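What follows is one structure encoded as structure tokens, with my remarks underneath.
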Amino acid sequence: MARAEPLHVELVFCARPGETDIEAVSLLPGAAVADALAAGGLLARHGLAADTALLGIWGRRCDLATPLRDRDRVEIYRPLAVDPKEARRLRYKRHRKTP
């Protein structure tokens, strides 16, 4: 019987704009997102909790039990500092005030 190839997964977290923390991990076939997060250590490094973290694979939301495929990119999303609608309103007000 052929030996199963390991999964190569990339973990990504942007703590602030322009600062990206990327960690590549190799996992056993059948691994889930929770396994990748435990192996990579990004959550611990940034003081985040796995049960409250917002996660995605290639931009699509997922949870800790989602199975991984080879070359998946697991993204850890940070909470928004400002609501996007409010940010647009503030930019518009600033733009109107400048002569």
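Predicted model, so just to flag it, every value in this text is computed and none were measured.
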Is it the case that one hydrophobic cluster holds both [X] and [Y], taking links as side-chain heavy atoms less than 4.5 Å apart, direct or via other members?
{"X": "W58", "Y": "V33", "answer": "yes"}
{"X": "Y92", "Y": "L90", "answer": "no"}
{"X": "L42", "Y": "V12", "answer": "no"}

Closest non-hydrogen atom pair, [X] against [Y]:
{"X": "H46", "Y": "D21", "answer": "NE2-OD2, 2.7 Å"}
{"X": "G40", "Y": "V25", "answer": "CA-CG1, 3.7 Å"}
{"X": "P29", "Y": "A4", "answer": "CG-CB, 3.5 Å"}
{"X": "D70", "Y": "H8", "answer": "OD1-N, 2.8 Å"}
{"X": "A36", "Y": "L68", "answer": "CB-CD1, 3.7 Å"}
{"X": "L27", "Y": "A39", "answer": "CD2-CB, 3.8 Å"}

What I'd like to find out is whether the side chain of [X] reaches to under 4.5 Å of the side chain of [Y], using heavy atoms alone.
{"X": "R78", "Y": "C14", "value": "yes"}
{"X": "L28", "Y": "L7", "value": "no"}
{"X": "I76", "Y": "L43", "value": "yes"}
{"X": "R61", "Y": "L55", "value": "no"}

For this session: Count the heavy atoms of every other residue, nucleotide or ligand shown that sit under 6.0 Å from CD1 of I22, and state whether that count exceeds 12.
Result: yes

Problem set entry | Reported CZ-to-CD distance for the pair R91 and E86, which is rounded to 0.5 angstrom | 10.5 Å

For this session: Say whether, by atom type as modelled, one donor and one acceptor occur between the side chain of D63 and the main chain of T66 under 3.5 angstrom.
Result: yes

Problem set entry | Worked verdict on E75 versus R73 for salt bridge (Lys or Arg N to Asp or Glu O under 4.0 Å) | CA-CA 6 Å; E75 301 158 344; R73 176 185 170 107; 3.3 Å; yes

Exercise. Is E10 salt-bridged to R71, cutoff N-O under 4.0 Å?
Worked result: no

